[in-house]
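Sequence lines set the chain letters: A, B, ... in the order given, protein chains first and strands last, and positions in each chain run from 1. Note that the structure is predicted; figures quoted are calculated from it, not measured.
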Protein chains: 2
Amino acid sequence: MRSTLKDFKKKALSDPEVAEEYRNLAPAYELRRQLIKIRKDAGLTQEQIAEILQTKKSNISRLENVNSTISPKLSTIEEYAKAAGYRMQIRFIPQSQ
Amino acid sequence: MRSTLKDFKKKALSDPEVAEEYRNLAPAYELRRQLIKIRKDAGLTQEQIAEILQTKKSNISRLENVNSTISPKLSTIEEYAKAAGYRMQIRFIPQSQ
DNA sequence: GACATAGTTATCATTTGTGATAACATTTGA
DNA sequence: TCAAATGTTATCACAAATGATAACTATGTC
C-alpha cells in the first residue's frame with residue numbers, strides 16, 4: 001500500500017474546507033467507534049444488547065452505523081452504555097487550545 | 001441552617017430506591033449545570049446564544065431547565081457548546097469502579 | 001412606580017429519532 | 001459448501017425533540 005491512504009488524508013486535510021468538514025464529522029465517527037468498542041468489550045452482539053434494551057437489533061445497527069445521518073438522543077446513548085456496563089461522561093472543553 | 005439539608009440528603013440517599021433514583025437523575029442535572037456554566041463563562045445570555053444558534057431564547061431555557069423531562073439530541077448539545085466556544089467530549093467509563 | 005433585561009412556561013406545528021418488521025448481506029464454523 | 005449467527009438496509013408508524021409565538025415572572029435600575 002505504501003501509505004497512499006495516509007498521504008491522501010494528509011493532503012485532503014490541508015484543504016481548509018475539507019478540514020472543516022472533517023472536524024465536524026470526526027466526533028460522530030468517534031462516538032460510533034466507541035459504542036461498538038464498549039459493546040464488544042462487554043462480549044455482546046447487537047441482538048443481545050438489543051434484548052437488554054428491549055428493542056431490535058436493526059435499531060442497534062442504525063445507532064452504531066457510521067453512515068447514519070441521525071443524531072441520537074442523549075438518553076439513547078446513556079442506556080446503551082449502561083447496558084454494556086459503562087456510564088457516559090460528558091465534558092466541555094474550550095475550543096482552540 | 002445547621003446543615004439540615006445535607007443531613008436530609010445523606011439520609012435520603014441511604015434509601016436504596018432513592019439512591020437509585022438519584023443516580024439516574026444526577027447526570028441530567030449535572031449536564032444542565034455544565035451547559036449554564038459554559039454559557040455564562042462565555043458571557044452570553046440565553047437570548048444571545050439563541051441568536052447564534054438561530055433559534056429562540058425559550059428553546060434555550062427549555063434545554064437548560066433542570067426540571068425538563070426531555071433528553072436532547074447529541075447534535076443540540078454539540079452545537080450549543082460550539083456556540084459557547086467549547087467542544088463536547090464523550091467518554092465511557094466502566095461501571096462499578 | 002416605571003422600565004428594561006433576563007429567564008420561564010405553555011402551546012402548537014414541524015422535524016426527526018426510535019420501534020418494529022422483513023428481506024438482504026456478511027461472516028464464521030462445521 | 002452449507003448453515004447458523006451476526007450485522008445491514010429499507011420502510012412505515014409512532015413518539016419525542018425542536019422551532020416559534022406569546023404571555024408571564026423575576027430582578028435590577030432609574
Side-chain angles (χ1 to χ4, degrees), chain A residues 5 21 24-92, chain B residues 21 24-90 92:
Chain A
L5 182 58
E21 188 71 7
N24 290 338
L25 292 178
Y29 289 139
E30 175 58 20
L31 171 69
R32 291 175 159 89
R33 264 197 304 271
Q34 287 186 79
L35 290 181
I36 295 171
K37 180 174 192 317
I38 66 176
R39 174 174 60 80
K40 295 210 164 161
D41 285 355
L44 297 173
T45 65
Q46 288 186 347
E47 192 159 26
Q48 287 172 327
I49 200 171
E51 190 174 5
I52 296 173
L53 293 169
Q54 303 188 85
T55 181
K56 302 301 174 183
K57 63 176 180 171
S58 57
N59 299 324
I60 301 298
S61 175
R62 179 175 53 197
L63 179 67
E64 291 180 354
N65 191 340
V66 162
N67 297 316
S68 175
T69 58
I70 69 164
S71 180
K73 293 198 291 171
L74 274 182
S75 59
T76 304
I77 305 297
E78 265 173 356
E79 288 160 16
Y80 176 103
K82 192 173 179 182
Y86 289 75
R87 70 180 179 84
M88 181 181 69
Q89 181 188 69
I90 298 187
R91 303 174 78 183
F92 295 100
Chain B
E21 187 72 7
N24 290 339
L25 292 178
Y29 289 137
E30 174 58 20
L31 170 69
R32 291 175 160 91
R33 264 198 303 272
Q34 287 186 78
L35 290 182
I36 294 170
K37 181 175 192 316
I38 66 175
R39 174 173 63 78
K40 296 209 163 160
D41 285 355
L44 297 173
T45 65
Q46 287 186 347
E47 192 158 25
Q48 287 172 326
I49 201 170
E51 191 173 4
I52 296 173
L53 293 169
Q54 303 189 85
T55 182
K56 303 298 174 185
K57 64 175 182 173
S58 57
N59 298 323
I60 300 298
S61 175
R62 178 176 52 197
L63 180 65
E64 291 180 355
N65 192 339
V66 163
N67 297 317
S68 175
T69 57
I70 69 164
S71 180
K73 294 197 291 171
L74 274 181
S75 58
T76 303
I77 304 297
E78 266 173 356
E79 288 159 16
Y80 176 103
K82 192 174 179 181
Y86 290 74
R87 71 180 178 82
M88 180 182 68
Q89 180 189 68
I90 298 186
F92 295 100

S.K.: Find the distance A:Glu78:CD to C:dG17:P and express it as a whole number of Å.
M.R.: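 Nearest whole value for this atom pair: 17 Å.
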
S.K.: Of the nucleotides C:dG7, C:dG17, C:dT9, which one has an atom closest to the side chain of B:Asn65?
M.R.: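 Nucleotide nearest to B:Asn65's side chain: C:dT9.
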
S.K.: Salt bridge or not between A:Arg33 and A:Glu30? Use side-chain N to carboxylate O under 4.0 Å.
M.R.: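 So A:Arg33 pairs with A:Glu30 through a salt bridge.
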
S.K.: Taking OP1 and OP2 of C:dG17, is either one under 4.0 Å from a side-chain nitrogen or oxygen of B:Lys73?
M.R.: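 Answer yes for this pair, as a side-chain N or O of B:Lys73 is under 4.0 Å from OP1 or OP2.
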
S.K.: Taking atom C1' of D:dT11 as reference, at what distance in whole Å does atom CD1 of A:Ile70 sit?
M.R.: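 So the two atoms are 15 Å apart, to the nearest Å.
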
S.K.: Quantify the bending of the helix from C:dG1-D:dC30 to C:dA30-D:dT1 as the angle between its end axes, each fitted on five pairs, to 10°.
M.R.: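 Computed from the C1' atoms at both ends, the axes differ by 50°.
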
S.K.: Could you state the CZ-P distance from B:Arg32 to C:dG7, rounded to the nearest angstrom?
M.R.: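 My rounded result for the distance is 17 Å.
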
S.K.: Nearest heavy-atom pair of A:Ser75 and B:Ser71: which atoms, and what distance?
M.R.: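 Reported closest heavy-atom pair: N-OG, 2.8 Å.
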
S.K.: Any donor and acceptor pair, going by atom type alone, linking the side chain of B:Arg39 with main-chain N or O of B:Leu44 inside 3.5 Å?
M.R.: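 Pair found, side chain donor or acceptor close to backbone of B:Leu44.
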
S.K.: In whole Å, I'd like the distance from the CG atom of A:Leu74 to the P atom of D:dA16.
M.R.: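 One finds 16 Å between P of D:dA16 and CG of A:Leu74, rounded.
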
S.K.: Would you tabulate the pairs of protein nitrogen or oxygen atoms and nucleotide nitrogen or oxygen atoms of nucleotides 20-23 of chain C closer than 3.5 angstrom?
M.R.:
| from | atom 1 | to | atom 2 | distance (Å) |
| --- | --- | --- | --- | --- |
| C:dA20 | N7 | A:Asn59 | OD1 | 3.3 |
| C:dT21 | O4 | A:Ser58 | OG | 2.8 |

S.K.: Give me the distances for all protein-to-nucleotides 27-30 of chain C N/O pairs that come in under 3.5 Å?
M.R.:
none

S.K.: Out of D:dT8, D:dT18, C:dT18, which nucleotide sits closest to the side chain of A:Gln46?
M.R.: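 Between D:dT8, D:dT18, C:dT18, the one nearest the side chain of A:Gln46 would be D:dT8.
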
S.K.: Does some side-chain heavy atom of A:Thr45 sit less than 4.5 Å from a side-chain heavy atom of A:Lys57?
M.R.: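 The answer is no, as the side chains (C-beta and beyond) never meet within the 4.5 Å cut-off.
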
S.K.: What is the minimum heavy-atom distance between A:Gln46 and A:Glu64, and which atoms define it?
M.R.: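 The answer is NE2-OE1, 2.9 Å.
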
S.K.: Distance only, no hydrogens: is a donor on one side chain within 3.5 Å (strictly under) of an acceptor on the other, for B:Arg62 and B:Asn59?
M.R.: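 Note: B:Arg62 and B:Asn59 side chains meet the donor-acceptor criterion.
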
S.K.: In whole Å, I'd like the distance from the CD1 atom of B:Ile60 to the C1' atom of D:dA20.
M.R.: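 The answer, rounded to whole Å, is 13 Å.
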
S.K.: Testing the basics here: between A:Ala83 and A:Ile49, what is the closest heavy-atom pair and its distance to 0.1 Å?
M.R.: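 Taking every non-hydrogen atom into account, CB-CG1, 3.8 Å.
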
S.K.: Separation of A:Glu51 atom CD from D:dT6 atom C1', in whole Å?
M.R.: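 Atom-to-atom, A:Glu51 to D:dT6, this comes out as 15 Å.
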
S.K.: Would you please confirm or rule out a distance under 4.0 Å between OP1 or OP2 of C:dT18 and any side-chain N or O of A:Thr76?
M.R.: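 Checking A:Thr76 against C:dT18: at least one side-chain N or O falls below 4.0 Å of OP1 or OP2.
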
S.K.: Would you call B:Ile77 and B:Leu63 a side-chain contact if the rule is heavy atoms closer than 4.5 Å?
M.R.: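 Answer yes - side chains close enough.
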
S.K.: Below the 4.0 Å mark, does C:dG7 have OP1 or OP2 next to a side-chain nitrogen or oxygen of B:Arg39?
M.R.: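 B:Arg39 to C:dG7 OP1/OP2: side-chain N or O found under 4.0 Å.
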
S.K.: Does C:dG7 have OP1 or OP2 under 4.0 Å away from a side-chain N or O of B:Ser61?
M.R.: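 Checking B:Ser61 against C:dG7: no side-chain N or O falls below 4.0 Å of OP1 or OP2.
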
S.K.: Does a sphere of radius 6.0 Å around CD in B:Glu51 hold more than 12 heavy atoms from other residues, nucleotides or ligands, not counting ones at 6.0 Å or beyond?
M.R.: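 No, the 6.0 Å shell around CD holds no more than 12 heavy atoms from other groups.
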
S.K.: Taking atom C1' of C:dT9 as reference, at what distance in whole Å does atom CD of B:Glu64 sit?
M.R.: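 My rounded result for the distance is 15 Å.
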
S.K.: Using a 4.5 Å cut-off on heavy atoms from C-beta on, say whether the side chain of A:Phe92 contacts that of B:Met88.
M.R.: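 B:Met88 vs A:Phe92: side chains touch.
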
S.K.: Is it true that atom CD of A:Gln48 has more than 12 heavy atoms of other residues, nucleotides or ligands lying nearer than 6.0 Å?
M.R.: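 Yes - once you tally the heavy atoms of other residues, nucleotides and ligands closer than 6.0 Å, there are more than 12.
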
S.K.: Any non-hydrogen side-chain atom of B:Leu35 less than 4.5 Å from a side-chain atom of B:Tyr86?
M.R.: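 With C-beta onward as the side chain, the pair stays apart.
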
S.K.: Using a heavy-atom cut-off of under 4.0 Å over every strand shown, decide if A:Thr45 touches base, sugar-phosphate, or nothing.
M.R.: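 Sugar-phosphate contact only.
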
